[in-house]
Amino acid sequence: MSKTLFEKIWEKHIVKTIDDGPSVLYIDKHFIHEVTSPQAFTGLNKRGIKVFRPQQVVATADHNVPTLNQHLPIKEELSRKQVEALIQNCAEHGIELYGLGHPFQGIVHVIGPELGITQPGMTIVCGDSHTSTHGAFGAIAFGIGTSEVEMVFASQCLLQSKPRLMRINVDGTLNKGVVSKDIVLYILSKITASGATGYAVEFAGSAIRSLSMEARMTICNMSIEMGGRCGLITPDEITFNYIKGRKFAPQGADWDKKLAEWKELYSDANAIFDKEYYFKAEDIQPMITYGTNPGMGIGVTENIPTTETINENDRSGLSKSLAYMGLQPGSPIKGQKIDYVFIGSCTNSRIEDLRMVASFVKGKKKAANVEVWIVPGSKQVEAQAIQEGIDKIFEEAGFMLRQPGCSACLGMNEDKIPAGKYCISTSNRNFEGRQGAGARTLLASPLTAAATAITGVVTDVRELLN
Amino acid sequence: MKVLTTIQSRFVPVNIENIDTDQIIPARFLKATTKEGFGKNLFRDWRYENDDESKKIAHFPLNMSQFDGEILVAGKNFGCGSSREHAAWSILDYGFRVVVSSFFADIFRNNALNNGVLPVQVSDAFLQRIFLQDNNTELTVDLEKQTITINSTGEQEYFDINSYKKTCLLNGYDDIDYLLSIKEDIKQFETQRA
């Protein structure tokens, strides 16, 4: 029988299925961080049990860490206590921790892939919705709540019902100035922020296959913004070449064995999806959001919708959204004045993102009215950027290269956007208050964010490309 | 986990669609290492002006004295965004046992069920009927029968729930108890695939 990529991985991980109920799904890798794990450790301690398979758990500190002066103690007491709790819990339960000061520290969804921990065919979970990122390798990877973190600690399993299956095909060649972030913002603008709820989403088509691993991660990262349980992409030579030689990648004979298994991971020609979408890469232009959910996006040269032109899903929320954003229906977004530029987050903080920004801004200077924060996704990304001299380019442009962490993506740590200010951000969510109470977020690609940093207003990057 | 069987109560209407978990509980309140005390920050930035507890936003339903009860009724796609279970904890800690909407995000639905909060998904039409009721109207949610009733009019709708999760809620069981009970099966699975 024909099977989808998702089904091939799913079926290999079912321990048993409860009659008329969920399945017991075995989890290969469990990433944890300081914010969503402490209550799970407390739960284990109350039950008097230890983590069942600590060698399958990897920890880092990312959400609550400062991105300046990381060598100093964390100033904010509650943040410091949370990070200290992680250190203590990992030590008690024998879990590998890449904490502050460790050369592998970074955003959990950046370090997993760059260390070669994330591999095709795996089941991967983390108490963070952007765990969908790891699906770019052809893995079932999804975010879980803290009760579920405790379940995986206790048993290395979760009770899960099989989601429905969706395939989103993007075929063709991308236009100049259009990158993977634009693809996913475009899909979101078409299917809305709840368009994939209840589905595992496979991204396919020639435009997706042409992307690098890091670009694919950006797409799978935001599958949760469509409501998707997870996002996946068929692993191929690009995937295998990316993994080979990384710290925890299989070696020698083990590599050959794994590679043979990975090559079987694709949706069969006649596999059936519950829902399928087709998009043309040529229709996509640089995208930007104007509203307060990631589905509220438009091409950068388009006008903000009115109640007549907007999709039905966002109609009732449009005026509330625009009031929060201080924007007018029917007006252009291009030319909107910006106060902050944030380039970072698990969506766009990898070395290719930094290279893309650096090659664009080389020899240019930021506009006087903007503050620009570049936050690398990990210590390894930071080190690579410095080795390539990218830090110098940023310095000359007036951009501030900070230290690794989730930073201004979520308004939790010290990096917040002040109330009422506009921030063009390469992160994943433009919810009210997401980057700080009252902050106004416009989501875009690193390239569009970089162009906007130079001009100080929302800019069509294509006008500045040669 | 607290047992849930039947809830008969007035309701608090928050007639907004796509309520994400950052609105339910903003990230700056996720720094605790326990599950208690999140209720006071539920919908924090919709309840108070400029984060100031002395400045209640009068038109937000949680601040309106005429609304009360153990049932929260909200617009479609409730609980989208971040996986933070703190959203479910804050709803429970505030005093709600049931959330009614016409659509729930997946992770929130699981988190709610794992904490004894019942997500009741109704049709768009039924949801609009509830929003039209006055503030004294009571709703009855009967988990055993899987029905929700508007008591004043007798209108009723059936709702879906996974039968395993239903048993858990009716009895106060949680998934960890079950998973620990099948540890030998899990070990055997590990051996077979190695």
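This one's a predicted model, so the numbers in the text were calculated from it and none came from an experiment. Here is the naming used below: chain letters follow the sequence lines, and residue numbers restart at 1 for every chain.
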Peer 1: So which of Thr131(A), Thr42(A), Val24(A) has the largest heavy-atom pair count under 4.5 angstrom toward chain B?
Peer 2: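 The candidate making the most pairs under 4.5 Å is Val24(A).
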
Peer 1: Tell me, side chain or backbone of Glu76(A) under 4.5 Å from chain B's heavy atoms, or both, or neither?
Peer 2: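 Side chain of Glu76(A) only, per the 4.5 Å heavy-atom cut-off to chain B.
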
Peer 1: Donor-acceptor check, side chain of Glu432(A) to backbone of Gln23(B), threshold 3.5 angstrom: yes or no?
Peer 2: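 Not at all, since once roles are kept as given, no pair shorter than 3.5 Å links the two residues.
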
Peer 1: Do you know which two heavy atoms are closest between Asn110(B) and Gln160(A), and how far apart they sit?
Peer 2: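 So the minimum-distance heavy-atom pair works out to ND2-NE2, 4.3 Å.
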
Peer 1: In terms of heavy-atom pairs under 4.5 Å with chain A, which of Gln192(B), Lys187(B), Lys183(B), Lys35(B) leads?
Peer 2: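 Looking at each option in turn, the highest pair count goes to Lys183(B).
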
Peer 1: At their closest point, which heavy atom of Ala27(B) faces which heavy atom of Gly411(A), and how far apart are they?
Peer 2: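 Smallest heavy-atom distance, with atoms named: CB-O, 4.1 Å.
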
Peer 1: Work out which heavy atom in Ser83(B) is nearest to a heavy atom in Gly127(A); give both atom names and the distance.
Peer 2: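 Heavy atoms only, the tightest pair is OG-C, 3.6 Å.
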
Peer 1: Quick one: does Thr146(A)'s side chain get under 4.5 Å of Trp89(B)'s, heavy atoms only?
Peer 2: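 Heavy-atom side-chain distance check passes, below 4.5 Å.
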
Peer 1: Among Ala105(B), Ser82(B), Cys80(B), who wins on heavy-atom pairs under 4.5 Å with chain A?
Peer 2: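 Of Ala105(B), Ser82(B), Cys80(B), Ser82(B) has the most heavy-atom pairs under 4.5 Å with chain A.
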
Peer 1: Taking Lys165(B), Arg28(B), Gln188(B) one by one, which has the highest count of heavy-atom pairs under 4.5 Å against chain A?
Peer 2: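 Counting heavy-atom pairs under 4.5 Å, the top option is Arg28(B).
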
Peer 1: Please state whether the side chain, the backbone, both or neither of Phe103(B) comes within less than 4.5 Å of a heavy atom of chain A.
Peer 2: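 Just its side chain gets close to chain A.
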
Peer 1: Output the option from Leu179(B), Asp174(B), Asn111(B), Asn50(B) having the highest count of non-hydrogen pairs under 4.5 Å with chain A.
Peer 2: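 Most heavy-atom pairs under 4.5 Å with chain A: Leu179(B).
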
Peer 1: With chain B as the partner, which of Ile144(A), Ile49(A), Asp19(A), Ile224(A) has the greatest number of non-hydrogen pairs under 4.5 Å?
Peer 2: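 Counting heavy-atom pairs under 4.5 Å, the top option is Ile144(A).
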
Peer 1: Given heavy-atom pairs under 4.5 angstrom as the criterion, report whether the side chain, backbone, both or neither of Phe52(A) touches chain B.
Peer 2: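 Just its side chain gets close to chain B.
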
Peer 1: I'd like to verify something: which residue of Ala419(A), Gly317(A), Gly227(A), Ser316(A) has the highest number of heavy-atom pairs under 4.5 Å with chain B?
Peer 2: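 Heavy-atom pair counts peak at Ser316(A).
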
Peer 1: If you round to the nearest 0.5 Å, how far is CG of Leu30(B) from OG of Ser79(A)?
Peer 2: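 So the OG of Ser79(A) and the CG of Leu30(B) are separated by 10.5 Å.
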
Peer 1: Which bit of His130(A) is near chain B, if near means a heavy-atom gap under 4.5 Å: side chain, backbone, both or neither?
Peer 2: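 For His130(A), there is no contact with chain B at all, as no heavy atom is under 4.5 Å.
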
Peer 1: Considering only heavy atoms and a distance below 4.5 Å, find which of Lys320(A), Lys81(A), Glu225(A), His63(A) pairs most often with chain B.
Peer 2: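 Top option by heavy-atom pairs under 4.5 Å: Lys320(A).
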
Peer 1: Is Tyr48(B) atom OH crowded by more than 12 heavy atoms from other residues, nucleotides or ligands, each under 6.0 Å away?
Peer 2: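 It does: Tyr48(B) OH has more than 12 such atoms within range.
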
Peer 1: What is the distance from atom CZ of Phe142(A) to atom CG of Asp106(B), rounded to the nearest 0.5 Å?
Peer 2: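 Between Phe142(A) CZ and Asp106(B) CG, I get 10.5 Å after rounding to 0.5 Å.
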
Peer 1: So with a 6.0 Å cut-off around CD of Gln66(B), is the heavy-atom count from everything else above 12?
Peer 2: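 Yes.
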
Peer 1: So do the side chains of Lys12(A) and Arg193(B) get within less than 4.5 Å of each other, counting heavy atoms only?
Peer 2: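 When only atoms from C-beta onward are counted, Arg193(B) and Lys12(A) do not touch, as no gap falls below 4.5 Å.
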
Peer 1: Evaluate the side-chain proximity of Asp128(A) to Arg84(B): yes if any heavy-atom separation is below 4.5 Å, no if none is.
Peer 2: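 Sidechains of Asp128(A) and Arg84(B): no contact.
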
Peer 1: Measure distances from Glu84(A) to the heavy atoms of chain B and classify the residue's part below 4.5 Å as side chain, backbone, both or neither.
Peer 2: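 The answer is neither part of Glu84(A).
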
Peer 1: Could you tell me which of Ala87(B), Gly81(B), Ala88(B), Ala32(B) has the largest number of non-hydrogen atom pairs under 4.5 Å with chain A?
Peer 2: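 Going by pairs under 4.5 Å, I would pick Gly81(B).
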
Peer 1: Report the distance from atom CG of Leu159(A) to atom CD1 of Ile176(B), rounding to the nearest 0.5 Å.
Peer 2: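 It comes to 10.0 Å.
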
Peer 1: Return yes when atom NZ of Lys50(A) has more than 12 non-hydrogen atoms of other residues, nucleotides or ligands closer than 6.0 Å, and no otherwise.
Peer 2: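 Correct, the count exceeds 12.
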
Peer 1: Stepwise, does the side-chain contact (heavy atoms from CB on, under 4.5 Å) test hold for Asp175(B) with Ser147(A)?
Peer 2: CA-CA 9 Å; Asp175(B) 286 1; Ser147(A) 294; over 6 Å; no

Peer 1: Tell me, side chain or backbone of Ser161(A) under 4.5 Å from chain B's heavy atoms, or both, or neither?
Peer 2: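 Just the side chain, heavy atoms under 4.5 Å.
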
Peer 1: Testing Asn77(B), Asp20(B), Asn18(B) for side chain to side chain contact (heavy atoms under 4.5 Å, CB included) with Asn293(A), which one passes?
Peer 2: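 That would be Asn18(B); it is the only one of Asn77(B), Asp20(B), Asn18(B) passing the side chain to side chain contact (heavy atoms under 4.5 Å, CB included) with Asn293(A).
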
Peer 1: Quick one: pull up CD in Glu190(B) and CD in Gln156(A) and give me the separation to the nearest 0.5 Å.
Peer 2: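 Reported to 0.5 Å precision, the distance equals 7.0 Å.
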
Peer 1: Report yes if the side chains of Asn114(B) and Glu148(A) come closer than 4.5 Å at any heavy-atom pair, otherwise no.
Peer 2: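 A side-chain contact under 4.5 Å exists here.
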
Peer 1: So which of Gly21(A), Pro294(A), Ala437(A), Ser155(A) has the largest heavy-atom pair count under 4.5 angstrom toward chain B?
Peer 2: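 The candidate making the most pairs under 4.5 Å is Ser155(A).
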
Peer 1: Taking Asp51(B), Leu180(B), Asp45(B) one by one, which has the highest count of heavy-atom pairs under 4.5 Å against chain A?
Peer 2: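 Highest number of heavy-atom pairs under 4.5 Å: Leu180(B).
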
Peer 1: Taking every non-hydrogen pair under 4.5 Å, which of Gly433(A), Ala85(A), Gly198(A) racks up the most with chain B?
Peer 2: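 Answer, by heavy-atom pair count under 4.5 Å with chain B: Gly198(A).
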
Peer 1: Is Arg434(A) in contact with chain B via its backbone, its side chain, both, or neither, using a 4.5 Å heavy-atom distance?
Peer 2: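 Contact with chain B involves both backbone and side-chain atoms of Arg434(A).
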
Peer 1: Is Phe189(B) close to Lys16(A) at the side-chain level, that is, under 4.5 Å between some pair of heavy atoms?
Peer 2: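 SC-SC contact between Lys16(A) and Phe189(B) ruled out.
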
Peer 1: Evaluate the side-chain proximity of Met412(A) to Lys31(B): yes if any heavy-atom separation is below 4.5 Å, no if none is.
Peer 2: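 In contact.
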
Peer 1: At a heavy-atom separation under 4.5 Å, does Asn428(A) approach chain B through its side chain, its backbone, both, or neither?
Peer 2: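 For Asn428(A), neither part sits under 4.5 Å from chain B.
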
Peer 1: Heavy-atom cut-off 4.5 Å, strictly under: side chain, backbone, both or neither for Asn89(A) against chain B?
Peer 2: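 For Asn89(A), no heavy atom lies under 4.5 Å from chain B.
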
Peer 1: Taking the side chain as every heavy atom from C-beta outward, state whether Asp177(B) and Arg47(A) have any pair of such atoms under 4.5 Å apart.
Peer 2: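 A side-chain contact exists here, since the closest heavy-atom pair is under 4.5 Å.
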
Peer 1: Less than 4.5 Å apart, any side-chain heavy atom of Pro22(A) and any of Asn162(B)?
Peer 2: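 Pro22(A) reaches Asn162(B) side chain to side chain.
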
Peer 1: Pair Tyr178(B), Ile18(A) - check side-chain contact (heavy atoms from CB on, under 4.5 Å), show working.
Peer 2: CA-CA 11 Å; Tyr178(B) 173 77; Ile18(A) 299 173; 3.5 Å; yes

